[in-house]
Amino acid sequence: MRQSLKGKRVAFLVTDGFERVELTAPREALEQAGARTLIAAARPGKVIAWNHTTPADRLHVDRTFDTLQIEDCDALVLPGGVVNADNIRLDEMAQELVRDAARANKPIAAICHGSWLLISADLVKGKTLTSWPSLRDDLQNAGATWVDRPVVVDGQLITSRKPADLPAFSQALIDMLGGKAEHVSAA
């Protein structure tokens with residue numbers, strides 16, 4: 001994953017209940033590649049990370065959704081976690097941030113249940129995506145083609161299924177930010 005992303009800024013959009021490793025692993029990979037990262041949430045203070053169904057650490061919120069401007073970011077990351085994903089998809093400001101990123105053709109990387117926000121923001125129709133298997137019907141009903149692969153890149157969208165896919169997910173985002181991404185279509 002060695003690639004210089006110096007000067008690149010990546011925002012992680014979360015609420016309480018996000019899957020801890022789905023934020024910390026890509027964040028570490030991005031920072032090792034030279035990018036700066038920040039955590040954005042609905043409220044200031046701290047957000048609660050989870051390890052599956054158990055609350056874990058609290059992480060500092062750098063920006064709130066209403067103060068984050070898409071011009072301040074080169075990419076967005078949407079970690080999963082059922083509680084997080086179910087809550088953030090209802091947040092109008094989070095929906096608008098991902099729509100703004102899509103309009104600006106900036107990478108949006110969603111893992112596991114993170115794709116629920118993409119569905120609620122109406123960004124999946126005609127796209128090929130992957131996710132945690134239980135989102136398959138949701139994605140298909142929203143007009144996406146669902147595939148069971150570790151990582152899928154379609155346009156500016158990067159999706160992965162689960163924590164085991166984090167190395168491929170992180171690398172795909174690093175490649176896209178570094179100008180090396182390719183479209184992956186359904187086979």
Side-chain angles (χ1 to χ4, degrees), residues 10-30 37-42 47-53 56 59 61 65 68 70 73 75-102 106-125 127-174 176-177 184:
V10 180
F12 288 78
L13 305 186
V14 295
T15 65
D16 289 335
F18 66 92
E19 186 66 33
R20 181 185 180 279
V21 71
E22 293 174 7
L23 183 146
T24 58
R27 184 181 200 186
E28 182 179 315
L30 287 161
T37 64
L38 65 90
I39 295 174
V47 285
I48 303 170
W50 283 30
N51 291 325
H52 303 293
T53 58
L59 300 179
V61 173
F65 296 152
L68 182 65
I70 204 60
C73 306
L76 299 178
V77 178
L78 312 176
V82 176
V83 173
N84 165 67
D86 196 45
N87 287 326
I88 200 169
R89 74 182 302 185
L90 300 175
D91 189 298
E92 293 289 333
M93 287 181 276
Q95 288 180 30
E96 196 55 37
L97 283 168
V98 295
R99 283 189 205 107
D100 288 347
K106 294 186 180 193
I108 305 168
I111 187 165
C112 199
H113 289 80
S115 293
W116 268 341
L117 179 54
L118 299 176
I119 293 168
S120 294
D122 198 28
L123 296 177
V124 302
K125 188 173 184 170
K127 298 289 187 174
T128 299
L129 305 169
T130 194
S131 67
W132 185 254
S134 66
L135 273 66
R136 180 171 117 183
D137 290 347
D138 297 336
L139 285 163
Q140 289 175 330
N141 289 338
T145 299
W146 186 88
V147 295
D148 186 14
R149 294 193 187 144
V151 68
V152 175
V153 177
D154 189 339
Q156 83 271 21
L157 299 179
I158 300 167
T159 53
S160 281
R161 304 170 300 184
K162 57 190 173 184
D165 300 333
L166 282 164
F169 176 76
S170 299
Q171 188 61 57
L173 180 54
I174 289 168
M176 187 175 284
L177 282 169
V184 178

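Note that the coordinates shown come from a computational prediction; the quantities given were computed from them, not determined experimentally.
Remark: side-chain polar atoms of Asp91 are not paired, donor with acceptor, to backbone N or O of Ala42 under 3.5 angstrom. Here the side chain of Gln95 pairs no donor or acceptor atom with the backbone of Leu117 at under 3.5 angstrom. A donor-acceptor contact shorter than 3.5 Å links the side chain of Thr159 to the backbone of Thr130. Using a distance-only test at 3.5 Å, with no hydrogens or angles considered, no donor-acceptor pair links the side chain of Asp86 to the main chain of Val82. At distances below 3.5 Å, at least one donor-acceptor pair connects side-chain atoms of Glu19 with backbone N or O atoms of His52. In this structure a side-chain-to-backbone donor-acceptor pair under 3.5 Å is present from Asp165 to Lys162.
With contacts defined as side-chain heavy-atom distances shorter than 4.5 Å, the pair His113/Leu135 qualifies. At least one side-chain heavy atom of Val98 sits less than 4.5 Å from a side-chain heavy atom of Leu123. Under the 4.5 Å side-chain criterion, counting only non-hydrogen atoms from C-beta, Leu23 is not in contact with Val77.
Shown here is Arg99, whose CZ atom has more than 12 heavy atoms of other residues, nucleotides or ligands within 6.0 Å.
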Set out, in order, the CA-CA distance, both residues' side-chain angles and the distance that settles side-chain contact (heavy atoms from CB on, under 4.5 Å) for Val152 and Leu129, then state yes or no.
CA-CA 6 Å; Val152 175; Leu129 305 169; 5.7 Å; no

Going through the distances and angles, do Leu59 and Phe12 end up as a side-chain contact (heavy atoms from CB on, under 4.5 Å)?
CA-CA 12 Å; Leu59 300 179; Phe12 288 78; over 6 Å; no

Ile174 vs Leu30, test: side-chain contact (heavy atoms from CB on, under 4.5 Å). Steps then yes/no.
CA-CA 7 Å; Ile174 289 168; Leu30 287 161; 3.9 Å; yes

Leu139 and Ser131: CA distance, side-chain angles, deciding distance, side-chain contact (heavy atoms from CB on, under 4.5 Å) verdict
CA-CA 9 Å; Leu139 285 163; Ser131 67; 3.4 Å; yes

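Across every non-hydrogen atom of Asp16 and Ile48, the tightest pair is OD1-N, 2.8 Å. Taking each heavy atom of Leu68 and Ala11 in turn, the nearest pair found is CD2-CB, 4.0 Å. Smallest separation of non-hydrogen atoms from Ala85 and Trp116: CB-CE3, 3.5 Å. Residues Ala49 and Arg20 share a closest heavy-atom pair of CB-CB, 3.7 Å. Residues Gly155 and Lys127 approach most closely at CA-NZ, 4.3 Å, considering heavy atoms. Among all heavy-atom pairs drawn from Trp146 and Trp132, the shortest one is NE1-O, 4.4 Å.
With rounding to the nearest 0.5 angstrom, the CZ atom of Phe18 is 13.5 Å from the CD1 atom of Ile111. We find the CG-CG distance between Leu76 and Leu13 to be 5.0 Å, quoted to the nearest 0.5 Å. Atoms CD1 and CE, on Ile88 and Met93 in that order, are 11.0 Å from each other to the nearest 0.5 Å. Separating the CG atom in Leu173 from the CG atom in Leu166 is a distance of 11.5 Å, to the nearest 0.5 Å. Of the inter-residue distances, the one linking Gln156 atom CD with Asp154 atom CG reads 8.5 Å to the nearest 0.5 angstrom. From Arg27, atom CZ reaches atom OG of Ser170 across 13.0 Å, with rounding to the nearest 0.5 Å.
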